[in-house]
Each structure stands twice: as structure tokens, then as C-alpha cells.
Visitor: 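Pasting in a structure now, in C-alpha cells, and then I'll have a few things to ask.
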Amino acid sequence: MCSIMGYSGADVDLSVFMEGFERTVSRGPDCSRIVDTGHGLLGFHRLSIMGLTASGMQPFELGGSYAVCNGELYGFESMRDDLRAKGYVFQSDSDCEILLPLWREHGTDLFAMLDAEFACIIYDAPSESFIAARDPIGIRPLYYGFDPRGHIVFASEAKNLAGLVHTILPFPPGHYWKDGRFVRYCDIAAVETVCHDSLETACATIREKLVGGVRKRLVSDAKVGFLLSGGLDSSLVCAIAARELDHPIETFAIGMEEDPIDLKYARETAAFIGSHHTEVTMTPEEVIGSLEDVIALLGTYDITTIRASMGMYLVCKYIHEQTDIRVLLTGEISDELFGYKYTDFAPSAEAFQQEAEKRLRELHMYDVLRADRCISVNSLEARVPFGDLDFVRYVMALDPRLKLNTYGKGKYLLRHAFEGTGLLPDDILWREKAAFSDAVGHSMVDYLKDYAEQRYTDEEFEERRQAYPFAQPFTKESLLYRELFERHYPGQAQMVADFWMPNRTWEGCDVNDPSARVLANYGKSGE
């Protein structure tokens, strides 16, 4: 994944910088480097993915300017060829080496030019200033805050900034920071013109663009693997990749020792696509024993994010310890585009679209955060085909009446797009959606809830939750997570907007638990 950090100001204390910077060495264990620009420090922990030689080590330098980037810039080769034609010379095969030449040629316009998932920090020598930017969805993490002297500090994770700044905040996706202010260069959730393609045209385009999104994410100088839950999204990613590559892919699934709902579906999918498949099981003791570590690495108190991270963290830990894989493709971001179980209750197509826009804009605090932290803490890189910018723009622009579940089956467009292709068995392609945190075994969530129930009496719960007026805990489980969060990030709850919950203003969604299991339409999803 790599880790980046930038601390503006000519009088920055290197030891203070190092204290924060070293907290994320697991993101980039291959090599580390810090440069003093004369007006602040830039640091880079490297996980070698593209351009594996030493020449690909960051920060990159051009005429006294420097850049660090945690990202993948797709199609960078053609941009590099154009820059070479203008006289620029490149020392490595790293995609990120093109950033400084692009900066010199295009300034802040470069960020909107990128087909990428990225977070970057640039020190611009002519202006003696720092510039930072983040991809439109926020797939790559970036946080910021101001030290007691008013100097801005940027870093890959909140843990880098704990104790260095007063208030830690997520860098807004689709923005750059320059000259003391944020500027939005892309609102990926906004739709300028509604696309009125027919159902069949829309599904054909969805298929074409998702295959393209997977294909470009298979390009890596390091070994690639796949997370396979057995659900629709990860199964499609794996099946597309298996068809694109000329060798069997490696897939990994996790479940509880008891009631591992999705292991059997992952096993069926793996057998169908011919992958080399590994099953990992976890115990209640491992779940409870990992809880605080997971909350510390996530930097959140959100119930859904924490529940869904338990299995993901443990399977990634296995991959890191037992394999030489460095890159993982995952199935995140499909739900925000095509709908959750609860969006079946959307009162109108317009309401469905508004909910999708809200979820997409907040995604960097929830599912995307989960995938990044669980994978990166285990020295792996996440790639998210459903987050392909071209794919997201198209699906978001589709007439929401097409996306509303009037078909008797959620995510109908995505399922129908691959119907008849032979990529997946019908029972996987048309299987009812299960809640991810529950799909690794209903018992996992039940163990967490029971554990929290035993920690507090009803009186203690009511008293202790009052200490947190912002995003106030509303169950014993949420109080447990909040108290563990506060141990590691005291007073920083504003890093997360609120709890991820169904839209309680919709009939059928006024529930007190984020799991889809509590919804009336869950039905056979967990079977």
C-alpha cells in the first residue's frame, strides 16, 4: 500500500515527525526515506508493487520539487510517453514518477486527469509550499491536521497524526489542498446528465466497463491474489480475472468454525472458475482477542465497519504470513452503486439515487476504510475494480428507475449484465445478498454482541454512553467499540461522520442494528 506523510514548516522537529511516521511502517515495509525540503519534511514507506527496483523509491525529485504518492495510476504509460516527447527523462518504471512532470506541465489540473486511486503530497520548490490531493472516491487514505503552531500535517492514517495535531480529519476525496484551502476537482457522486440507456444497453455497458476495471487492476510487478466471500461482488471479480489470465488465480475465503455461511459458496465459485483456493477459519476466541487491535488499526467506532473487519483482517493476516502475495483484488463499492438490502425500501427512484450519492461520498469512512486498513496493516495492497472511475460514473448516471429494485431481486442490473456469460453458476449469480459481517457466520456477530452485553449493566451503559454526545453509543456493543476507540484516538470521534445505518426515515428501515438480518426482506439471504 505504501505510507506517505508530509509536515509543512521550516522548523519541523525530525524526532516528532518520526514518532508519527513509524506507526505505519507496515504499509510499506520494503524501504523508508525522508527528505527535508527546507520548508518541511516528506516521508515514504514503500511497498514495492510497480517498478520494483531501487530507482522506483520515493520521494521523487524534479528541480528541487518532491512528490510522494500512495496510489496506482492506470494507463500511466501513455502519459509517460507524452512527457518523454516533451523532454522529460524517467529513472524508473514506477507509475508515480509521472506526477512531478505532470505537475510542472498542468499544475492542479493534473488531478482530474488521473485514472487512479491515489493520495499524494507535493512540495513545490518555486512556491516553497505543500500541495496534497486524494482520489475522487477516497480509496487511498489521507488525513490532515494542524499542529500547535498552525503547520498543516498530512498522513496516510490517523494514527500518524495522533498526538501531533489537535484535531484529526479525513482529507476530503476528490479535493486538493493548496494555498491554505481545499478545492474540489471532482464530485464523483454528482450526475450532470442522466443516462437513459435501455435495460439491455445498460447491462451490456456495465459488463464491458467492469471487465475493463478488473483487467487494468491485474497489471502488477508483484504477485496478485483475490478475496472471495462467495457473494456476488467478489465472485464476479474473481471470475472475470480467472477468464482474463492464462493461469489459475489464488483465492481466499474466511468463515467461523461453526456456521460459515459463505465458505460453501466461495468453495463452489472457486471450483467453477478453477482457482487455487484456500479456506481460513476463525474461532470466537480469535474474534474477541483481535477486537481492540482491529479498532486501533481501523481508527473507527462504527459498528458495521468493525464487524465486517474481523474476518477480513484475519484472512489478510493469513495471506501475509503464509504466501508471497502483495496485491489483493476485492469486491467493495458495488453495494453503494447497485443497492443494499435496505434500499429495497427506497420510497422512490429519486430517494434511491440520493442515498447512493450520500453513501458514495461517505464511503471513505466505512467500507473503503475497512478494506484499506485490514489489507495494508498486513503489508498488502488493495485494488477495487468496482471503484473504477469510468464504471462508477456510468452506473451513477443511469436513470435511477432502472436501478430501483422493481425486479424482485436486488442488484438486478449487475446480475443480468453477466447472465448467460458462463462466468458464474446461476445459483451464485442469482443468490440473495447476505450481510458481509454476518456472512462469515451469524455466530460471529452474536459473539460480539454477547461479549458487549456482559461488559455493562443497563445502568452502566446509560451512564457511560452520556460521555459521548457526538455519535452517541446506542447499544452496549456500540459503547464497547467507542470506549476502545477512545483509548487510541482520544477526542477524535469527528473523524467519522456517524454510524453507518440504514436510512431510518424510510418505512421498514427504522432499526437499531445495522445488520441486514434485522430487516423484513432479509429472507433467505443468510442461508
Side-chain angles (χ1 to χ4, degrees), residues 1-2 47-52 56 69-80 92-96 98 114-118 135 137 139-140 205-229 231-253 266 269-270 272-278 312 315-316 319-320 323-334 368 371-372 375-376 378-392 394-395 414 417-418 421-424:
M1 271 298 204
C2 301
L47 180 67
S48 302
I49 302 296
M50 297 294 292
L52 303 183
C69 180
N70 169 27
E72 292 296 334
L73 316 184
Y74 301 109
F76 76 96
E77 295 90 348
S78 61
M79 301 178 85
R80 185 176 59 189
S92 75
D93 291 324
S94 171
D95 50 342
C96 295
I98 68 173
L114 298 176
D115 177 13
E117 43 208 38
F118 75 96
D135 68 71
I137 298 175
I139 293 175
R140 294 304 169 94
T205 306
I206 286 168
R207 181 172 62 252
E208 174 189 348
K209 291 183 181 297
L210 183 59
V211 169
V214 172
R215 184 182 295 132
K216 71 176 67 170
R217 285 161 179 80
L218 297 176
V219 178
S220 172
D221 294 330
K223 192 171 181 180
V224 178
F226 299 80
L227 295 183
L228 176 58
S229 72
L232 174 66
D233 308 327
S234 65
S235 295
L236 277 174
V237 170
C238 292
I240 293 168
R243 183 169 287 188
E244 289 289 319
L245 296 173
D246 59 2
H247 58 81
I249 66 172
E250 293 194 44
T251 54
F252 299 84
T269 299
F272 187 86
I273 66 176
S275 69
H276 290 156
H277 188 58
T278 300
M312 192 173 215
V315 73
C316 292
I319 294 168
H320 170 65
T323 79
D324 58 352
I325 287 169
R326 286 295 190 95
V327 177
L328 287 175
L329 268 67
T330 75
E332 275 74 28
I333 307 182
S334 172
V368 162
D372 175 86
I375 291 174
S376 67
N378 288 296
S379 300
L380 303 165
E381 174 174 293
R383 293 187 180 176
V384 190
F386 282 100
D388 185 80
L389 298 181
D390 187 42
F391 180 80
V392 171
Y394 180 74
V395 178
L414 184 59
F418 289 90
T421 62
L423 271 179
L424 289 173

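Bear in mind that the values here come from a model prediction, so they are computed numbers and not experimental data. Note: hydrogens, waters and symmetry copies are ignored here, and every other heavy atom, side chains too, is used.
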Visitor: What's the shortest heavy-atom distance between A382 and E117, and which atoms?
Guide: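 Heavy atoms only, the tightest pair is O-OE2, 3.8 Å.
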Visitor: Is there a side-chain contact between T278 and V315, using heavy atoms and a 4.5 Å cut-off?
Guide: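 When only atoms from C-beta onward are counted, V315 and T278 do not touch, as no gap falls below 4.5 Å.
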Visitor: Step through the shown structure and confirm whether more than 12 heavy atoms of other residues, nucleotides or ligands are within 6.0 Å of CD on E208.
Guide: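 No.
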Visitor: Shortest non-hydrogen contact from G274 to P248?
Guide: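 So the minimum-distance heavy-atom pair works out to O-CB, 3.5 Å.
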Visitor: Is the shortest heavy-atom distance from the side chain of F418 to the side chain of L414 under 4.5 Å?
Guide: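 Yes, side chains in contact.
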Visitor: Would you indicate whether the side-chain heavy atoms of V214 and L329 approach each other to under 4.5 Å?
Guide: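 They are in side-chain contact.
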Visitor: Are any side-chain N or O atoms of R217 and backbone N or O atoms of R383, one a donor and one an acceptor, separated by less than 3.5 Å?
Guide: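 No, R217 side chain to R383 backbone: no donor-acceptor pair under 3.5 Å.
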Visitor: Output, in order, the C-alpha distance, side-chain angles, deciding distance and verdict of side-chain contact (heavy atoms from CB on, under 4.5 Å) for F391 and I206.
Guide: CA-CA 7 Å; F391 180 80; I206 286 168; 3.9 Å; yes
Visitor: Please lay out, stage by stage, how I240 and L210 fare under the test side-chain contact (heavy atoms from CB on, under 4.5 Å).
Guide: CA-CA 9 Å; I240 293 168; L210 183 59; 4.0 Å; yes
Visitor: Backbone N or O of R140 within a donor-acceptor pair of the D135 side chain at under 3.5 Å?
Guide: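 Judged by distance alone, yes, a pair lies under 3.5 Å.
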Visitor: Could you go through M312 and N378, starting from their C-alpha distance and side-chain angles, then the distance that decides it, and tell me whether this counts as side-chain contact (heavy atoms from CB on, under 4.5 Å)?
Guide: CA-CA 11 Å; M312 192 173 215; N378 288 296; over 6 Å; no
Visitor: Apply side-chain contact (heavy atoms from CB on, under 4.5 Å) to T323 and K223, showing your working.
Guide: CA-CA 10 Å; T323 79; K223 192 171 181 180; over 6 Å; no
Visitor: Minimum heavy-atom separation for D233 and S334, please, with both atom names.
Guide: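 For D233 and S334, the tightest heavy-atom pair comes out as OD1-OG, 2.9 Å.
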Visitor: Does V237 reach the side chain of F386, with side-chain heavy atoms less than 4.5 Å apart?
Guide: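 Result yes, sub-4.5 Å side-chain heavy-atom pair found.
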Visitor: Do D95 and E72 have side-chain heavy atoms sitting under 4.5 Å apart?
Guide: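 Answer yes - side chains close enough.
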Visitor: Verify, without hydrogens or angle tests, whether T330 (side chain) and L227 (backbone) share a donor-acceptor contact under 3.5 angstrom.
Guide: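 No, because the side chain of T330 does not come within donor-acceptor range (under 3.5 Å) of the backbone of L227.
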